Amino acid sequence: MSDKQTFEDIIQSKLSSETQFSFDEENWEKAEEMIASFRQKEKIRKGTFLFLSGLILGIIIMWPFINKTEKASGFISQIPESIVKQKSISEEQKLPDNISLPSPAKTNNNKLPVKTNKTNTSNVRPDQVAEPISKTYSDLMVPTAKEKSNSTAKTKQKISAHRFKLPAAIAEIDDAAHEQTVNKIKEESKENSKINNYLITSNDSSITIDSDNALVILPIDSISKNTVAVIKKYSAGKLISDKEKANSEYSKSLQLYVFVGGNYLKGGTVNPIQGFELIKPITEHWAAGTGVNYTLLNINSNNAVKTIVTNTTYDFGYTSDVVQIKTNDLHYIVVPVFAQYTINEKNAVIMGVNNYMLFTVSNNYSTYQESYGNKQNVTSGKTFGYSGGFNPYDIGILIGYKRSLFHNISIAMYMNYGLMNVKKNGYYTDNTFERNVSGQMMLIYRLR
Amino acid sequence: MNVELDLITACLNKERRAESELYKITYGYLISICYRYVNSTEEAKEMLNIGFLKILVNLDKYKPEVPFKFWIRRIMINTLIDEYRKKKAHDERIQYVESYIETADYSDLNPVLARMDAEQINGLIKKLPPTSQKVFNLFVVDGYSHKEIAGMLNMSEGTSKWHVNFSKEKLKEMILKIIPTYNRV
């Protein structure tokens, strides 16, 4: 055993032996509290995890149904606001229990037998007593595109001429006329073959058109010019307006966006982010996107300091040449690649990856010579380009949400979770700054 | 320190009495480790509790073929190093040394060192700069290699060696100052 080993061995043998410490009951109580608190937090964490997992699972399971509802409501949203005031048939508008649906009446000239106070007085409230009315089925028939121009004014006139108050009377349609209407609706709505059932509402009543079951129930007192206008659109296969249709076709083309925003880092700093995005719609809901943006990670921590010390020992003493490099910002060019799912006109979610490429690093440096605590020849300054110790590439998972605010302007919130360590190795001392985890909020403007 | 497997099993079942018993059995051993790495008794007790919690949390990973004493020592030292890294002063200089060759001779100190007790040696080590103190303890007392220390403290092996040598130089200076005291004894 050499003398050098002996020095270390002596210290080891003296210090590694178990020193006698008396048990501290008070410290055990503190430890107990700590253990209890940890287990409590662990329970909460597990509970939260289970709850969120259940919630996500529930959303995934329910998604097809939610999506279906979105489609239906999407149509309703296109009906003029004036007639979308109630989305379901109110109790008053339902067929009273004591009124049965009569068998199809055999009438001439498609005349609709209308229940009046004479035939069914028990179902009419005093305030609903109305003048006898006779209405032909052709009045309710949906005009074809050809008839449209001629009949619009006429229909409006007829409808306005037949203002009356009746209980929710049922329009009884003879078989032939009924079939003719349904066939017309089906034929003319081929473009909208996915749409089977609509609830069209007006100010005071509802109309259900169910093309599958070939049943048209038209509460007579619900007919207003707005309702007729909706039926016309339906029959002509124009469930969306020309403008909306144009927009729809337009939306299939490549879209270009520019954005600016802030990138909030886990460490607590907010840094600018700006760039552009290209989005190509693929289906009604799905689109693929990419782009280029610039952002920086502001480290600004004394932990990201590299100090290189070169010691020179002389007979009369020593000097140390010290170079300190403090990293301030990592500047990245980011290329996101993502899929966008459009939930409806206003909302969309995205998921994808961010590819980070480190193109430069800004640093503060200082150099000096030190000897027995005395510094001399001190120089300092700022420099770009010293990127030693950091990974030149990073990749992050990107998820986000976009919401349309105004015409061509949207707001977006993205979350980025870096998958790689920003640091290349243990060159720097701060272990906590290893991943680029950030939240981004941006204003997006659509250029085309 | 003798810890039965039954006691470990009971701790795994989160039995409070067993946990208390394990704490009592390991207290002296763990606090002596803590006391070497931190400067105050209060801090040592705080570290002990954090380390003990980690021992309990990771108890299911313990393999009986490894002596329990070694296993808890490793957890305790890792805890101390982790906490040190969290609390480390930001402006502390980090030395980067590619390689270091030690040439100094300390054999003349051995007789004095042999006459000092653990408390006195520990008192001198505590006067070292924090990082040097940790590296010296890890290398000399706890037997970690420079490679392991470099990984634990995010430094190069050369830096670790430099810290050990720096510590020894400083200890030598301190011991030389107190040698007259020993000569008088």
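Here the structure is a predicted model, which means the values were calculated and not measured. Numbered from 1 within each chain, the chains take letters A, B, ... in sequence-line order.
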On the 0 to 90° scale, with breaks at 30° and 60°, tag the F52(B)-W28(A) ring pair as parallel, tilted or perpendicular.
perpendicular

With a 4.5 Å cut-off on heavy-atom pairs, point out which of E46(B), R36(B), R16(B) contacts chain A the most.
R16(B)

Assess the residue pair L171(B) and I11(A) against the criterion (side-chain contact (heavy atoms from CB on, under 4.5 Å)); give the C-alpha distance rounded to whole Å, side-chain angles, the decisive distance to 0.1 Å, and a yes or no.
CA-CA 11 Å; L171(B) 286 172; I11(A) 291 177; 4.3 Å; yes

So, N27(A) side chain and N49(B) main chain: donor-acceptor pair closer than 3.5 Å or not?
no

Could you give the distance from CG (D24(A)) to NZ (K45(B)), rounded to the nearest 0.5 Å?
3.5 Å

So with a 6.0 Å cut-off around CD of Q376(A), is the heavy-atom count from everything else above 12?
yes

Any side-chain heavy-atom pair from L56(B) and F38(A) closer than 4.5 angstrom?
no

If you count heavy-atom pairs within less than 4.5 Å of chain B, which of E25(A), E42(A), E32(A) leads?
E32(A)

Count the heavy atoms belonging to other residues, nucleotides or ligands that lie under 6.0 Å from CZ of R45(A), then report whether that count exceeds 12.
yes

So with a 6.0 Å cut-off around NZ of K170(B), is the heavy-atom count from everything else above 12?
no

Does any heavy atom of chain A fall under 4.5 Å from the side chain of I50(B), the backbone, both, or neither of them?
both

Compare all side-chain heavy atoms of K14(B) with those of R39(A) and state whether any distance is below 4.5 angstrom.
yes

